[in-house]
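The structure appears right after this line, and notes come after that.
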Amino acid sequence: MAVKYDLNEREVWDGNFAASQALRQAQVDVVVAYPITPSTPIVENYGSYVANGYIDGEFVMVESEHAAMSGCIGASAAGGRVSTATSSQGFALMAEVLYQASGMRLPIVLNVVNRALASPLNVRGDHADMYLGRDSGWIQMGAFNAQEAYDLALCAFKIAENHDVRLPVMVHQDGFITSHTAQNVYPMTDEAAINFVGEIDPVDDMLDFSRPVTYGAQTEEDWHFEHKAKQHKALMDSRPIIDEVYEEFAKLTGRKYNRVESYNMEDAEVVIVGLGTTVETARVAAEQLREEEGIKAGVVAIRCFRPFPFEDVRDALEGAKAVAVTDRSSPGGAMGAFFNEVSAALYTTESRPLVTNFIYGLGGRDFSIDEAKRIFKEQKAHADAGHITTDIQQFSGLRGPHLGYFQTKRG
Amino acid sequence: MAITSIKNLKEFSTNNDRFEGAHTLCPGCAHSMIVRELMNCTDDNLVISANTGCLEVSTAVYPFTSWDTSWIHIGFENAATSVTAAQVMHSVRKKKGTLKDNDAPVKFVAFGGDGSTFDIGFQWLSGAMERGHDFTYICLDNENYANTGGQRSSATPIGATTSTAQAGTHSYGKKEKKKDIVAIMAAHGAPYVAQLAPNKWKSMAKGFQKALETEGPCFINTVSPCCTEWKFDPKDTIGITDLATDSLMFPIYEIIDGHELNILYRPKNLLKVEDYLGAQGRYKHLFKPENKHVIEKIQSDIDKNWEMLQRREEARI
Amino acid sequence: MTEIRWHSRAGQGAVSGAKGLGDVVATTGKEVQAFALYGSAKRGAALRAYNRISDEQIFNHAKFMYPDFVLVIDPALAMTDDITMNDKESTKYIITSHLSKEELIAAIPALADKADRVYVVDCIEISLDTIGRSMPNSPMLGAFVKISGMFELDYFLENMKRVLSKFPQKIIDANMEAITRAYNEVK
Amino acid sequence: MQDLKLKANENRGLHQLESGKDLYGWDEVTQGSVLPSFEGDASKIAHLKAEERDYSNYNSYTATVASWRVKKPVFNIDVCIDCQNCWVWCPDSSILSRDKQMLGIDYDHCKGCEVCVEVCPTNPKSLLMFGENEDLETALSQWPEKKKKEK
């Protein structure tokens, strides 16, 4: 029986500590991990909870991130609750096995502390690793601060282990900006947390010897497509279940999450669409602009990057005139991936707002209120002109001459 | 632990197979002889993992499995990791009492070919051995990447021709020595390490049982002649293995706690390595006059290795 | 919103100082933020840490700020780092130095017109005397309590004891002494 | 004696996968492509003989690879000494052995590799290869005599 951990009603935790407390409260059975900045403290803390009896689990320090996720798969197929954490290069090294975890429908919770991908080497936050996971078949949820890193990690177990979902879940937080920033966090009691998450009820349990199972079969062109289709459907069908879990969480804590979050959107004409901490900074900018200049600015955030909330994004943005979609990942010779997805959703609306793409914040480059304001003002100019007046894709916050691509053919 | 009697073959044959037929390994493949024997060595429940390789692609082809036990394959390199993590989960769930049957005895076993053991999965294997989990890793060593059409591995011996180390007018095939995986695994401090061969079924069964009984990470390298890539008639699988063990190309021995070496088989009628090489197509080119030195080199390596094994056995260090 | 920027070297405890300050402030019911920009920074490398304090939830995640307080806990960085960056007319400076206030301002031209907002305390010496090694973060907190007037000293000390509760009593006592001395010595 | 119905449960060979029949849709494949080996409780599986087990349709035991074979081994029980060499080295789990006795060959799983014939120590051998279509009686009638040791 685990030793009682003393919690205050109000704690000052950084995102890493908050996530590790969620792992403790969910009484994760096995963590298989390899350390990488900036996610390391999550698994270090889990290890210290094991070492001090705060949790009846095991911490396995393996020799690489690939092995970490491989171990998570083995442990999860063995029927218990499993979690780990990683970032950046470690995430990239895990990439092969991420697909195996989702293909085998294993409810692993991966805390991803977002960090840029080399080269050049960089330890700070951008969303390159998160984007790398976007076709991996995992549910991907984004936390914008330490409180949310904690809340969503708890929700993640409940979603992943739901028998109608049975998919692995990533909970993303921004490297350093969330992971290493201490803020007020209001934890649940241990009892409330475990009651909410519940006990895991294993499916296809490798340790149930009354029913031996084979995991990881080979399929060729005769079966692979069917399995992938079934997996995709499970991911698409997880949407209402995610909503239910968010609803139940709100009843317990008063903190209500949505797969798409809207701020000041009732009458917004110009909008920033973003992921991560950017969302909160943009919210401050939107409110200031409303007060200072009367610009009807709003913010739309994607809480649930996968399954991509196509309909909800469309609904949230349908009334907007000009929308700036922000990609915190080097786009590699294309428009930002997030821009493409949001644009695709908006293309199916009547209003088809003007959409531009900002590449920003790479390698942890600061995103300030002033920068958000500048982006809003540009959107205002598009809205007033009735067409896009700048390049469709621009690099924002970059030193040196302007870098941008493509002009509109409308107007 | 329920160990099956291996007093003699008749006793052993009362076992009920848990590795089923209608898998799609080549006719005459030694892999399945070895796997069957491992599974027949115990009545305990087994959790088995496999690296990518011939065994994996032939025994779990959707919608069929040939495994009557829990089994998992993830990727090329991580069988040791997946099965040891399952073992850790077993210990946690046993402690918490969340297993379906908390008292059911279970053993954890990983299989890999020489490609995944010596090469691509080497780091994962080394990590699992170092962490000291209670499991047995069995390498099915057919000395090449048979699953992908016979490329060289670091287990391929000098002089063999493979599709990526070809014998030709300017080459006698692979130039480099086979990696000594047994010594490397013993150096990890594993409590039980052995090299075994399926023709010597009893020493193999004894070794398997020792590995399953020994607490901690055990490693066994088994020679697994590959009729397809070694180029011999499938019916001769056991005969070729006899030549391998009786020429000492593939000596059978165990190392306990990293140092105590025991030779498990001494051929009464020691054969020259030509007899072994000559029976396989992959060494055919060595019998050309210009390649004679390679056969001499192989024989001299065998002699030196045998001398080393005998001295280590004697020295007990 | 109160914003604070720390100038420090890795290993001097600015990150713990900022987090400790945040911890104490949170007990008053305020929302806090404490963060630093480091990562692969090795001991001795210059780094900056940040605090925000507000009555409402803090949404701004930028490191960019117009600081209300600049806390410099490394004497050399006071000379070499851009400590007056993005300051306001009301920004207060608390600087670790063995120099007198006059000598310090003379050495740092950027402070010339801000003399009424510059405070000096020798956190290094205080920490060497009390804690036994160079750990200027605790004394800086004492100086900050005095200059900001945000707390009563006793209230702050009580709460710092809780923040430091995982340490041995001897270390807690030394830190209390360091905070108190700096509170009294800052000028 | 070789006609014992030990070898298969009723559904063996029903799947026609090699011919492309029996391929069903995405809504019917198993979750995560996981394959359960048995129906019902399999806790004591190590203690059950094949004919006592409740194999699932996903178990390759229920499938056949008989069509892979060009020649087949025929077993002559009159010569057999039940040494079990063929049992231990059969790579296809196709030697039907019960209570220390060799009873026959599972022709649904035998691929005709001939290993069993090679490792058979009797004189004459108790297993010999015959054409796939040769019937048992004809095969047995052609069994060779004991060979004299060459001197």
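Since the model is a prediction, treat every value here as computed from it, not as a measurement.
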With a 6.0 Å cut-off (strictly less than), is the heavy-atom count around NZ of D/K44, excluding the residue itself, greater than 12? no
**Prompt:** In this structure, are over 12 heavy atoms from other groups packed under 6.0 Å from D/D99 atom CG?
**Reply:** no
query = Between B/F12 and D/W87, what is the ring plane arrangement, given parallel below 30°, perpendicular above 60°, and tilted in between?
reply = perpendicular
### D/E28 atom CD: more than 12 heavy-atom contacts under 6.0 Å
yes
Ranked by heavy-atom pairs below 4.5 Å to chain B, first place among D/V119, D/V88, D/I95 goes to D/V88
Quiz item: Are any of the side-chain heavy atoms of B/E11 and D/Q84 separated by less than 4.5 Å?
Solution: no
Query raised in the report: With a 4.5 Å heavy-atom cut-off, do B/K10 and D/D82 have their side chains touching?
Result: yes
Bottom line for D/S33: the part with an atom under 4.5 Å from chain B's heavy atoms is both
Exam field: side chain D/W89 to backbone B/P198, donor-acceptor pair closer than 3.5 Å: yes
side-chain contact (heavy atoms from CB on, under 4.5 Å), that's the test. Do D/R53 and B/D68 meet it? Break it down for me. CA-CA 10 Å; D/R53 296 174 176 176; B/D68 293 350; 2.9 Å; yes
In short, D/T62 meets B/F64 closest at the heavy-atom pair OG1-CE2, 3.9 Å
Heavy-atom closest pair (B/A22 atom, D/T64 atom, distance to 0.1 Å) is CB-N, 4.2 Å
With chain D, the option among B/T237, B/L25, B/I34 that has the most non-hydrogen atom pairs under 4.5 Å is B/L25
From the list B/N45, B/T24, B/V61, B/T69, the residue making the most non-hydrogen contacts under 4.5 Å with chain D is B/T24
inquiry  = Do B/D17 and D/Y61 make a side-chain contact, defined as non-hydrogen atoms from C-beta onward lying under 4.5 Å apart?
reply    = no
When the 4.5 angstrom heavy-atom criterion is applied to D/V29 and chain B, the contacting part is both
* To do: Could you tell me whether a side-chain N or O of B/T14 sits under 3.5 Å from a main-chain N or O of D/K100, the two making a donor and an acceptor?
  => no
Rounded to the nearest 0.5 Å, the CD atom of D/E118 sits from the CG atom of B/D236 at a distance of 5.0 Å
Whatever's closer than 4.5 Å to a heavy atom in chain D on B/N40 counts as side chain
Closest non-hydrogen contact found for B/G28 with D/C113 is N-CB, 3.2 Å
Heaviest contributor of heavy-atom pairs below 4.5 Å to chain B, chosen from D/S37, D/C83, D/P91, is D/P91
task = Compare all side-chain heavy atoms of D/I45 with those of B/R18 and state whether any distance is below 4.5 angstrom.
result = yes
Turns out that what part of B/W71 lies under 4.5 Å from chain D's heavy atoms comes down to neither
Quick check against the 3.5 Å criterion: does D/S93 have a side-chain atom that pairs as donor or acceptor with the backbone of B/F19? yes
*Side-chain touch D/T30/B/Y62, heavy atoms, less than 4.5 angstrom*: yes
- Task: With the side chain counted from C-beta on, respond yes when D/C90 and B/R36 share a heavy-atom pair under 4.5 Å apart, and no when they do not.
- Result: yes
Side chains of D/N85 and B/L9: closer than 4.5 Å at any heavy-atom pair?
-> yes
Around atom NZ of B/K100, are there more than 12 heavy atoms from other residues, nucleotides or ligands closer than 6.0 Å? no
**Prompt:** So do B/P63 and D/Y24 actually touch side chain to side chain, heavy atoms under 4.5 Å?
**Reply:** yes
Just checking B/K206: does its NZ atom have more than 12 heavy atoms from other residues, nucleotides or ligands closer to it than 6.0 angstrom? no
